[in-house]
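Counting starts at 1 for both ligands and their atoms, in listed order. No experiment lies behind these values; they were computed from the predicted model shown.
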Amino acid sequence: MAKIQKVGVLGAGTMGNGIAQVFAQAGTPVSVVDTFPGALEKAKATIEKSVRKVAEKAGKSPDEEARAVLGRIAFGAETGAFEGCDLVVEAIVEDLPAKVAAFRAIDAVAPAGAILASNTSSISITRIAAATKRPASVVGMHFMNPVPVMKLVEIIRGQLTSDETAAAVVEASKAVGKIPVEASDFPGFVSNRVLMPMINEAIFCLHEGVAKAEAIDEVMKLGMNHPIGPLALADLIGNDVCLAILEVLQRDLGDDKYRPCPLLRRMVAAGLLGRKTGRGFFDYAKR
Ligand code: 3HC
């Protein structure tokens with residue numbers, strides 16, 4: 001497969017922004033599409049802030065780097081922008097019907113040879129691929145948050161994903177400075193099957209009064225050398241995203257050991273989603 005020349009990203013949320021940024025930083029033109037009002041303006045500002053941080057660290061001019069990287073990203077609200085893309089990465093809400101609709105729309109406009117990737121955290125790539133007329137070219141590219149910093153891309157093959165497709169996204173991940181690791185198409189793959197039970201158990205500890213939120217996170221930071229505690233990590237990922245992933249794990253693996261803590265459900269219902277809403281297990285407005 002020839003080198004990826006142009007990338008499309010559907011969804012300008014936290015993950016979509018980061019994915020667009022890393023491809024554009026590596027010199028690839030990117031089209032970001034989102035229909036949510038205001039999402040694109042917010043995306044531009046988030047990407048600019050992050051590019052500036054990366055440039056400062058690399059000893060480059062933040063102004064020049066921000067101009068160059070943003071100059072490679074086209075923002076729009078129509079999936080027609082994916083017409084010239086060799087790779088389209090979907091990074092929308094963690095919901096199967098929404099992803100099926102998104103892949104039908106992308107499949108209708110992307111060139112015949114293009115690869116369609118999903119950044120899903122837990123949903124079956126095989127089921128997503130079945131919504132398209134090109135299941136051999138559909139694959140999981142699961143980036144980690146914050147995308148500009150984290151090295152891993154989990155690569156997931158669906159039942160019908162071709163070797164050529166998997167090899168192409170492995171190469172594309174390396175080309176943007178990431179380290180690809182392959183996993184099979186099981187609910188939550190490796191990353192979230194291991195991570196989410198830990199986060200859920202931390203929430204149960206808070207729910208049952210085992211310790212306060214700060215103490216739970218301190219234990220995991222000081223005792224296990226985690227960079228941030230599990231409750232702060234849930235706030236970074238988004239408590240709604242954590243809940244959606246746990247529901248997929250419980251339902252699709254058929255095991256109640258993945259049942260989401262009632263406190264997590266209550267927090268999501270109350271809109272305490274974490275950093276993105278200013279409050280979750282911790283209060284970000286005050287920080
Ligand atoms: N863009 C660019 N640079 C960034 C950044 C961003 N968005 N966020 C942080 N950085 C940089 C900072 O500039 C800083 O650089 P420096 O060390 O040169 O000063 C460095 O990263 C560290 O940042 P901070 O000092 O602000 O804060 P921390 O030391 O706490 O590091 C962190 C931030 C890298 C996010 C660290 O807390 C961490 O590794 N946390 C765990 C992250 C993690 O586990 N992610 C995976 C989540 S699971 C997932 O995404 C899967 C999904 O499906 C749920």
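For atom 18 (O) of ligand 1, a protein heavy-atom neighbour is present inside the 4.0 Å cut-off. The presence of a protein heavy atom under 4.0 Å from atom 31 (O) of ligand 1 is ruled out. Protein heavy atoms are absent from the 4.0 Å sphere centred on atom 22 (C) of ligand 1. Taking a distance limit of 4.0 Å, we find that atom 50 (O) of ligand 1 is approached by some protein heavy atom. Distance remark: protein heavy atom present below 4.0 angstrom from atom 37 (O) of ligand 1. The presence of a protein heavy atom under 4.0 Å from atom 25 (O) of ligand 1 is ruled out. Within 4.0 Å of atom 15 (O) of ligand 1, at least one protein heavy atom is present.
Using modelled atom types, no side-chain atom of E65 and backbone atom of K60 make a donor-acceptor pair closer than 3.5 Å. Of the possible polar contacts, one joining the N200 side chain to the R259 backbone as a donor-acceptor pair under 3.5 Å is found. Although no hydrogens or angles enter the test, the distance criterion places a donor-acceptor pair under 3.5 Å between the side chain of K178 and the main chain of M150.
Of all the listed residues (L236, I237, L233), L233 holds the heavy atom that lies closest to atom 44 (O) of ligand 1. Residue nearest to atom 35 (C) of ligand 1, selected from G18, P146, G188: P146 (by heavy-atom distance). When the heavy atoms of N145, V51, V241 are ranked by distance to atom 45 (N) of ligand 1, first place goes to N145.
Looking only at atom types and distance, the side chain of N192 has no donor-acceptor partner in the side chain of S122 under 3.5 Å away.
In the vicinity of S121, heavy-atom distances shorter than 4.0 Å reach the ligand 1 atoms 53 (O). Counting the atoms of ligand 1 from 1 in the order shown, those under 4.0 Å from a heavy atom of M150 are 42 (C), 43 (C), 45 (N). Close contacts of ligand 1 with L195, meaning ligand atoms under 4.0 Å from a residue heavy atom, involve 48 (S). Residue H142 has at least one heavy-atom neighbour below 4.0 Å for each of these atoms of ligand 1: 51 (C), 52 (C), 53 (O). Atoms of ligand 1 found under 4.0 Å from any heavy atom of P227, numbered from 1 in the order shown, are 38 (C), 39 (O), 40 (N), 41 (C).
Looking only at heavy atoms of the protein, atom 12 (C) of ligand 1 is closest to K53 CD, 4.2 Å. When only non-hydrogen protein atoms are considered, atom 2 (C) of ligand 1 lies nearest to S50 OG, 3.2 Å.
For the side-chain hydrogen bond (donor to acceptor under 3.5 Å, both in side chains) with T120, the qualifying choice from E90, E94, R127 is E94, the only one to do so.
The residues R67 and E64 are annotated as not salt-bridged, no charged nitrogen and carboxylate oxygen being separated by less than 4.0 angstrom. A salt bridge is absent between K3 and D86: the closest approach of a Lys/Arg side-chain nitrogen to an acidic carboxylate oxygen does not fall below 4.0 angstrom. Salt-bridge check for D63 with R52: passed, with a basic side-chain N closer than 4.0 Å to an acidic carboxylate O. Using a 4.0 Å cut-off between a side-chain N of Lys or Arg and a carboxylate O of Asp or Glu, K53 and E56 do not qualify as a salt bridge.
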